[in-house]
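All remarks here apply to the structure that follows.
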Amino acid sequence: MRSDSSVMQPLLDTFASRVRTSDGLAEARSPAPFADAVPVAVEEQEAAPGLPRDLRDTLQARRSSLQYGDRPVRTDLVLGLLQRALSRDSGDWELDDGTGPLEAFVFALRSEQKPAGIYRVTARESSFIAAASAVGDPERLGVQREFADAGGIVSVCADLDRADSWGGSHGYRLCVVRASMALYDFHLRCQSNGLVGTMFGGFIGSAVRNLIQSDGVTRHPLLAATYAHPVSRPQRDGSE
């Protein structure tokens, strides 16, 4: 990997610019709504013994993994962890009125207790927007086929139109930082609850552009993560 950042430096410097590149009227525009979305209640469930782990034990046990178990993942757990991560992002940054709130989409490929499908998650609510079959081949969702072996994929989106109107390229930079922090928050809490996964930047938003109504401006995918149960290791007696 190239370590000399001098070639990239002129591009990185532009991210500090607060000069708007659009008409500055983003507040008059909004991401497309989901008229047929069905609100879902997130049901809390008592954690298994020893879970969730505290931060120290989570960091010590954490591994980025592209090997996943086949068991469906409880989607209520995923929606709850993600909704709370977005809520913390909103409260910590207090920038929703300026750059717009973050939102996320869960592609629950193997789901327990809720239908496999696509869920939209914000800091305030979760809703079901389409069945998993609408995705087609899940390998289309990422640049590496292994991502599709996960129990699910989460993609975090931002409103780059509003971010640019708020602070030019600096607004974009801040949205990327917010999305990274919120998704790491979610990812580590998945790990603290015994799940595995990995963060990745190769989510192919164009594969689901119509499903999540992503126009690349008012709603644009920035970062993604997989989640799944770990691969079961055979016991000495041959059971799993």
Side-chain angles (χ1 to χ4, degrees), residues 38 40-53 57-85 104-121 126-156 182-205 207-208 211-212 221 223-240:
V38 179
V40 297
V42 178
E43 299 178 6
E44 300 292 343
Q45 183 171 312
E46 187 174 348
L51 300 178
R53 304 184 186 99
D57 289 345
T58 297
L59 292 176
Q60 286 191 326
R62 177 187 176 275
R63 299 288 186 277
S64 180
S65 176
L66 289 174
Q67 295 183 331
Y68 308 115
D70 293 332
R71 287 172 52 203
V73 178
R74 187 161 57 85
T75 296
D76 278 317
L77 172 64
V78 173
L79 298 180
L81 294 177
L82 189 53
Q83 192 168 322
R84 288 192 287 276
F105 293 88
V106 177
F107 298 85
L109 303 175
R110 293 190 299 278
S111 176
E112 180 181 300
Q113 294 185 329
K114 277 186 166 46
I118 307 168
Y119 294 81
R120 175 177 178 262
V121 182
S126 298
S127 55
F128 179 84
I129 62 173
S133 58
V135 175
D137 185 350
E139 289 189 358
R140 299 167 57 238
L141 294 176
V143 296
Q144 291 180 241
R145 293 179 176 178
E146 299 93 313
F147 299 147
D149 294 333
I153 295 173
V154 171
S155 174
V156 175
L183 199 57
Y184 260 108
D185 184 342
F186 165 77
H187 172 69
L188 288 175
R189 290 175 196 277
C190 282
Q191 301 255 346
S192 76
N193 280 276
L195 301 177
V196 297
T198 190
M199 308 272 291
F200 66 98
F203 181 79
I204 303 177
V208 288
L211 285 174
I212 65 172
L223 195 61
T226 60
Y227 63 85
H229 285 290
V231 175
S232 297
R233 303 296 182 191
Q235 305 297 314
R236 291 184 176 179
D237 62 1
S239 62
E240 292 188 351

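The shown structure was predicted, so the numbers you read here are calculated from the model rather than taken from an experiment.
Partner of Val121 under the side-chain contact (heavy atoms from CB on, under 4.5 Å) criterion, chosen from Val106, Val40, Val154: Val106.
Between Ile153 and Ala224, the shortest heavy-atom contact is CG2-CB, 4.5 Å. The heavy-atom pair separating Ser126 from Leu79 by the smallest distance is OG-CB, 4.1 Å. Taking all atoms of both residues into account, the shortest heavy-atom contact from Val73 to Ala228 is CG2-CA, 3.8 Å. The shortest heavy-atom contact between Thr226 and Ser65 is OG1-O, 4.4 Å. Nearest heavy-atom pair, Ile129 versus Leu211, reported as atom, atom and distance to 0.1 Å: CD1-O, 3.8 Å. Nearest heavy atoms, Leu109 versus Ala150: CD1-O, 3.9 Å.
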Could you walk me through whether Gln67 and Glu146 pass the side chain to side chain donor-acceptor pair (under 3.5 Å) test, one step at a time? CA-CA 8 Å; Gln67 295 183 331; Glu146 299 93 313; over 6 Å; no

Assess the residue pair Leu141 and Ile204 against the criterion (side-chain contact (heavy atoms from CB on, under 4.5 Å)); give the C-alpha distance rounded to whole Å, side-chain angles, the decisive distance to 0.1 Å, and a yes or no. CA-CA 5 Å; Leu141 294 176; Ile204 303 177; over 6 Å; no

Apply side-chain contact (heavy atoms from CB on, under 4.5 Å) to the pair Leu81 and Cys190, showing each step before the final yes or no. CA-CA 8 Å; Leu81 294 177; Cys190 282; 4.1 Å; yes

Working note: Leu188 + Leu59, criterion side-chain contact (heavy atoms from CB on, under 4.5 Å); need CA distance, chi angles, decisive distance, verdict. CA-CA 8 Å; Leu188 288 175; Leu59 292 176; 4.2 Å; yes

Please lay out, stage by stage, how Glu44 and Arg84 fare under the test salt bridge (charged side-chain N to carboxylate O under 4.0 Å, His left out). CA-CA 12 Å; Glu44 300 292 343; Arg84 288 192 287 276; 3.0 Å; yes

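Contact annotation: the side chain of Gln83 approaches that of Val42 to within less than 4.5 Å [non-hydrogen atoms, C-beta and beyond]. Considering only heavy atoms from C-beta on, His229 comes within 4.5 Å of Leu195 through its side chain. With contacts defined as side-chain heavy-atom distances shorter than 4.5 Å, the pair Arg74/Gln45 qualifies. Side-chain atoms of Lys114 and Asp76, non-hydrogen and from C-beta on, do get closer than 4.5 Å to each other. No side-chain heavy atom of Val196 sits less than 4.5 Å from a side-chain heavy atom of Arg63. Under the 4.5 Å side-chain criterion, counting only non-hydrogen atoms from C-beta, Thr75 is not in contact with Gln113. Here the side chains of Leu66 and Phe147 are in contact, with some heavy-atom distance below 4.5 Å. Inter-residue side-chain proximity for Ser155 and Pro221 is flagged as met; some heavy-atom pair is nearer than 4.5 Å.
Relative ring orientation between Phe200 and Phe203 is described as tilted, the plane-to-plane angle lying within the 30° to 60° band.
Aromatic rings from Phe107 and Tyr227 are positioned such that their centres are separated by 6.0 Å or more. A distance of 6.0 Å or more separates the ring centres of Tyr119 and Phe105.
With Asn193 contributing its side chain and Arg189 its backbone, the two residues share a donor-acceptor pair below 3.5 Å. Side chain of Arg110 to backbone of Gly69: a donor-acceptor contact under 3.5 angstrom is found.
No side-chain donor-acceptor contact under 3.5 Å links Thr58 and Gln191.
Interatomic distance, CG of Asp137 versus CZ of Arg145, reported as 8.5 Å (0.5 Å rounding).
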